[in-house]
Trainee: 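I'd like to ask you about the structure that follows.
These values consider heavy atoms only, across backbone and side chains, with no hydrogens, waters or symmetry-generated copies.
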Amino acid sequence: TVSLASIGAMEAQPDASPVAAPCQDNGSHNTSEQAPTSAPDDPSKTLEVSRDANPLQQEQQQQQQQGKDDEDAEAARKRRIEEADARGEAPIRPEFLLPALKKRSAPEADVSNDGSVQQDGAENEPAKKKQRQRGMNKTKDRQANTAAMKAVRATQICSRFAYVNVCTNVGCKQQHDLDKFMESKPPVIGRKCPVLESFGVCPAGLNCRFDGHLVDGKNVDKAGVVVTPDSEWATKVVGVGQPVDEANISSFEIVGKLRSKVYDFSRSVAAAKAWHRYCSNGCMDEKPLGDVGEPERKRLDLAGKRMLAPLTTVGNLPFRRLCVKLGCEVTVGEMALAGTIIEGNHGELALLRRHASEKCFGVQVAGGDVEVMTKLAQYVDEQVDCDFVDINCGCPLDELHRRGAGSRLMARTKCMEGIVRCMSSTLRTKPLTLKMRTADHEDKKMTEFQGRYAHKLVPQLEEWGVSAITLHGRTARQRYTKLADWNYVNECSKRRTQASSIPLVACGDVLSWEEEEEHRKFHGVDTVMIGRGALMKPWIFTEVADRRHWDISASERFDLTRDFVHFGLDHWGADARGVETTRRFLLEWLSFTCRYVPLGLLEVLPPKINWRPRPFFGRSDLETKLSSPLAKDWIDISEMLLGKVPEGFSFTPKHKSASYEPAPTTSVQAAPE
């Protein structure tokens, strides 16, 4: 584990260890041997400087020689760039490249119980052909981490007792033995509690893993006053995971109504029944929803805004806060399932939370049933603070497809129409948007546009009542294995009717401000939404705002990592459970941001999202560690900020990469102490 005090030394260290696991010398190279020399190898190509020439002639000859050397070096650089681009590799400067012993592995690896890294090609083990995996790792692959989280939670004292120093809940079954708790409590991480600094009090109290607010076995506020049930803090900051600067925290009363199915959904049920009557009459009525009312389009201004895409798992509230800090103007929450929300599921309702810094915020929902989606629209309209509601018609996962949702909804046109019309008419105060792909699966019967059909849906969606459309420039079948087709996005843009001209947002493969600007100027879109590019480098919003490349230093990147951790502790709490939840989502994010190649290492700009780097090392030890594809290094980074991982901790990234070569295994376990 590297301490915080050593970060400066890591940043200043020029001789870094390698990024890729195959390197056997741990990065101890003589970089001068790898860097190309400016002088050509062929002596016949060297211009000789005459000894008999006068000083002026010698200077002219030396300038000619220098000019030729520069031309040769530039030609060699262009050749390296062209060759790297043809291989789909990032054109990294030669002095930062390592010997190409093997390809850079997927950003996942296996660490045995003794902490050693297991690599391909181990002695006495025959090579086995591994099946290429896509999508997400299964829940069974993450059971060890779930068990470790439960064990951590079991060691905590009653949360109410920990906060206000006394338990006021009659019949509470949680632990209240303070002496027993203090004996089993994990060691203090060793710095002042970030939550205390943010709010003035830490609701985790005695359970907090940090220092600064425990006096004589009592929880105190920032001023040193003991927190009691009568303190103003008890009503201002209700408890762990309920910070004062977050909205859409569902009350027990509302959740109870949803779970007991007594919430009044009469308005949405009426709209759904009207739609079903329209369909049963052969869709011949002039007004599809009859007397319920026609959908009213609410205006939504997204033109030119810097927009973050909805991202499952990694698009959590702390990450969105980080993006807003770096210049993002429009954020969208993680995809939530409509049916699970109206059932009152706490975990799904938490996906609707909004931070005060998110000035323009939308919630994204998925579902394949007209009545369920209409009920969801009514609930959001009445109970959720947001600026728009987005329908997910782009998710390629089979689990959603089995429910008729996600991108599968694109192929169920009549159901899509019913959902859009009913939701739009039910939403009285909020605009309705829809995010889709160019197609679910290509229609083999269509020869136009290679079987894609999003261009046909655009004018229909306008008529049905959406206020904006977001288009992902790939089919669901392609996932991320092909580049987004921005020419087809432009074609879809032309299909909008002149009467409404609703905003068209598009996304796909944006990793630089030049690409964002190009798409807005030449591909007919009002706004460019950024997803994977923001995961790799959330400072892309700063680059777009300033129209510049930011060769961010390793220490600046680490500061952003620290900001994410502080935002995570504010959101999930500073107790043992909150710390490990923050660690888990930090590791998920590091599994993406490790793919970023520092701009100072590239031979040409702008970078491309489909470039894959050869094994390289950074300009410092810290930069090398931040670029590591090994989960062991990600855990090291988390331990710099969140202390040692608990016994039995295991991390498996939720998202697999269809763009990197799969690693032999994807699980990392903590080494025993």
Trainee: Please determine if Asp369 and Lys375 form a salt bridge, counting it only when a charged side-chain N lies under 4.0 Å from a carboxylate O.
Mentor: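 Result for this pair is no, no salt bridge flagged.
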Trainee: Would you find a donor on one side and an acceptor on the other, under 3.5 Å apart, between the side chain of Arg412 and the backbone of Gly368?
Mentor: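 Pair found, side chain donor or acceptor close to backbone of Gly368.
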Trainee: Check whether any side-chain N or O of Glu246 sits under 3.5 Å from a backbone N or O of Pro243 as a donor-acceptor pair, and report yes or no.
Mentor: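 No; zero donor-acceptor contacts below 3.5 Å.
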Trainee: Can you give me the closest heavy-atom contact between Leu308 and Cys323, atom names plus distance?
Mentor: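 Reported closest heavy-atom pair: CD2-SG, 4.1 Å.
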Trainee: Is it true that Ser268 and Gln378 share a donor-acceptor pair across their side chains at a distance under 3.5 Å?
Mentor: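 Side chains of Gln378 and Ser268: pair found under 3.5 Å.
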Trainee: Tell me, do Arg402 and Arg408 make a side-chain contact under 4.5 Å, heavy atoms counted?
Mentor: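 A side-chain contact is absent here, since even the closest heavy-atom pair is not under 4.5 Å.
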Trainee: Got a donor-acceptor contact below 3.5 angstrom from the Gln383 side chain to the Tyr379 backbone?
Mentor: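 Flag not set: sc Gln383 to bb Tyr379 has no pair under 3.5 Å.
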Trainee: So which atom in His549 and which in Pro607 form the shortest heavy-atom distance, rounded to 0.1 Å?
Mentor: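 Minimum heavy-atom separation between His549 and Pro607: CE1-CD, 4.2 Å.
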Trainee: Under the criterion side chain to side chain contact (heavy atoms under 4.5 Å, CB included), which of Leu457, Asp526, Ile502 is the partner of Ile469?
Mentor: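 Among Leu457, Asp526, Ile502, the one that satisfies the side chain to side chain contact (heavy atoms under 4.5 Å, CB included) with Ile469 is Ile502.
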Trainee: To the closest 0.5 Å, what do you measure between CZ (Arg354) and CG (Asp385)?
Mentor: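 Taking CZ in Arg354 and CG in Asp385, the distance rounds to 4.5 Å.
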Trainee: Met307 versus Val332: any side-chain heavy-atom pair under 4.5 Å?
Mentor: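 Yes. Closest side-chain heavy atoms under 4.5 Å.
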Trainee: Nearest 0.5 Å, what's the CG-NZ distance between Leu300 and Lys430?
Mentor: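 Here the interatomic distance stands at 13.0 Å.
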Trainee: Distance-only, no hydrogens or angles: does the Asp440 side chain make a donor-acceptor pair with backbone N or O of Met410 under 3.5 Å?
Mentor: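 No, Asp440 side chain to Met410 backbone: no donor-acceptor pair under 3.5 Å.
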Trainee: With the side chain counted from C-beta on, respond yes when Val324 and Phe361 share a heavy-atom pair under 4.5 Å apart, and no when they do not.
Mentor: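 No, side chains not in contact.
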Trainee: Locate the shortest heavy-atom distance separating Val489 from Ala506; write the atom from each residue and the value.
Mentor: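 Result for this residue pair: CG1-CB, 3.7 Å.
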Trainee: For Lys482, I'd like to know if atom NZ has over 12 heavy atoms of other residues, nucleotides or ligands within 6.0 Å.
Mentor: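 No - once you tally the heavy atoms of other residues, nucleotides and ligands closer than 6.0 Å, there are 12 at most.
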Trainee: So, Glu329 and Lys305, do they make that salt bridge, N to O below 4.0 Å?
Mentor: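 No, Glu329 and Lys305 are not salt-bridged.
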Trainee: Pro310 and Gly333: which non-hydrogen atoms are nearest, and at how many Å?
Mentor: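 Reported closest heavy-atom pair: CB-O, 3.4 Å.
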Trainee: Would you compute the distance between atom CE of Met436 and atom OH of Tyr453 and round it to the nearest 0.5 angstrom?
Mentor: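 Interatomic distance, Met436 CE to Tyr453 OH, rounded to 0.5 Å: 10.0 Å.
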Trainee: Under the 3.5 angstrom rule, does the side chain of Arg595 hit a backbone N or O of Met536 as a donor-acceptor pair?
Mentor: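 Not confirmed, Arg595 side chain does not pair with Met536 backbone.
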Trainee: Classify the side-chain pair Ser493/His523 by whether it contains a donor and acceptor separated by less than 3.5 Å.
Mentor: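 No.
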Trainee: Between Asp485 and Thr438, is any pair of side-chain heavy atoms under 4.5 Å apart?
Mentor: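 Of all side-chain heavy-atom pairs linking Thr438 with Asp485, none is under 4.5 Å.
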Trainee: Identify the heavy atoms of Trp589 and Leu535 that sit nearest to each other, and give their distance.
Mentor: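 Scanning both residues completely, I find the closest heavy atoms to be NE1-O, 3.0 Å.
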Trainee: Are the side chain of Glu543 and the backbone N or O of Trp550 linked by a donor-acceptor pair below 3.5 Å?
Mentor: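 Looks like yes, one N/O pair under 3.5 Å.
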Trainee: Measure the spacing between NE2 of His566 and CG of Leu322 and express it to the nearest 0.5 Å.
Mentor: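 CG of Leu322 is found 12.5 Å from NE2 of His566.
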Trainee: Return yes if a side-chain donor-acceptor contact under 3.5 Å exists between Ser638 and Arg583, otherwise no.
Mentor: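 Yes - a donor-acceptor pair under 3.5 Å links their side chains.
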Trainee: Can a salt bridge be assigned to the pair Arg474 and Asp509 using a cut-off of 4.0 Å between side-chain N and carboxylate O?
Mentor: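 So Arg474 pairs with Asp509 through a salt bridge.
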Trainee: Stepwise, does the side chain to side chain contact (heavy atoms under 4.5 Å, CB included) test hold for Glu463 with Arg421?
Mentor: CA-CA 9 Å; Glu463 178 191 352; Arg421 286 188 183 276; 3.6 Å; yes
Trainee: Once you round to the nearest 0.5 Å, how far does NZ of Lys325 lie from CZ of Phe564?
Mentor: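 Lys325 atom NZ to Phe564 atom CZ measures 13.5 Å (nearest 0.5 Å).
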Trainee: Checking Arg306 side chain against Cys328 main chain: does a donor-acceptor pair fall under 3.5 Å?
Mentor: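 No, Arg306 side chain to Cys328 backbone: no donor-acceptor pair under 3.5 Å.
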Trainee: State, yes or no, whether a side-chain contact exists between Pro288 and Trp464 at a heavy-atom distance under 4.5 Å.
Mentor: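 No; the side chains remain at least 4.5 Å from each other.
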Trainee: Val255 and Ser250: which non-hydrogen atoms are nearest, and at how many Å?
Mentor: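 Nearest pair, atom of Val255 first, then Ser250: CG2-CB, 3.7 Å.
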Trainee: Ignoring hydrogens and angles, tell me if any N or O in the side chain of Trp513 forms a donor-acceptor pair with the backbone of Thr542 under 3.5 Å.
Mentor: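 No; judged by distance alone, with no hydrogens or angles, the pair does not exist.
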Trainee: Indicate yes or no: at least one non-hydrogen side-chain atom of Leu560 is less than 4.5 angstrom from one of Thr593.
Mentor: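 The answer is no; the side chains never approach within 4.5 Å.
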Trainee: Looking at Glu580 and Arg584, is any side-chain nitrogen of the basic one under 4.0 Å from a carboxylate oxygen of the acidic one?
Mentor: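 Salt bridge: no.
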Trainee: Give a yes or no on whether a salt bridge exists between Arg267 and Glu382, defined as a side-chain N under 4.0 angstrom from a carboxylate O.
Mentor: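 So Arg267 pairs with Glu382 through a salt bridge.
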Trainee: So, does Glu334 use its side chain to make a donor-acceptor pair with the main chain of Thr313 at under 3.5 Å?
Mentor: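 Indeed, once roles are kept as given, a pair shorter than 3.5 Å links the two residues.
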Trainee: The test is side chain to side chain contact (heavy atoms under 4.5 Å, CB included); show your working for Phe592 and Leu311 and say whether it passes.
Mentor: CA-CA 12 Å; Phe592 282 92; Leu311 303 163; over 6 Å; no
Trainee: Side chains of Leu400 and Met335: closer than 4.5 Å at any heavy-atom pair?
Mentor: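 Result yes, sub-4.5 Å side-chain heavy-atom pair found.
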Trainee: Determine whether Glu417 and Trp275 make a side-chain contact, defined as any pair of heavy atoms from C-beta on separated by less than 4.5 Å.
Mentor: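 They are in contact (side-chain heavy atoms under 4.5 Å apart), so the answer is yes.
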Trainee: For Val370 and Ile419, what are the C-alpha separation, side-chain angles and deciding distance, and is it a side chain to side chain contact (heavy atoms under 4.5 Å, CB included)?
Mentor: CA-CA 5 Å; Val370 174; Ile419 288 175; 4.0 Å; yes
Trainee: Kindly state whether the ring of Tyr488 and the ring of His455 have centres lying under 6.0 angstrom apart.
Mentor: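 Yes, ring centres under 6.0 Å apart.
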Trainee: Arg437 side chain to Gly394 main-chain N or O, any donor-acceptor pair under 3.5 Å?
Mentor: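 A pair under 3.5 Å: yes.
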Trainee: Can you measure from CZ (Arg321) to CD (Glu358) and round to the nearest 0.5 angstrom?
Mentor: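 Taking CZ in Arg321 and CD in Glu358, the distance rounds to 9.5 Å.
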Trainee: Go through the steps for Cys422 and Leu289 under the test side chain to side chain contact (heavy atoms under 4.5 Å, CB included), then give the verdict.
Mentor: CA-CA 8 Å; Cys422 292; Leu289 298 184; 3.9 Å; yes
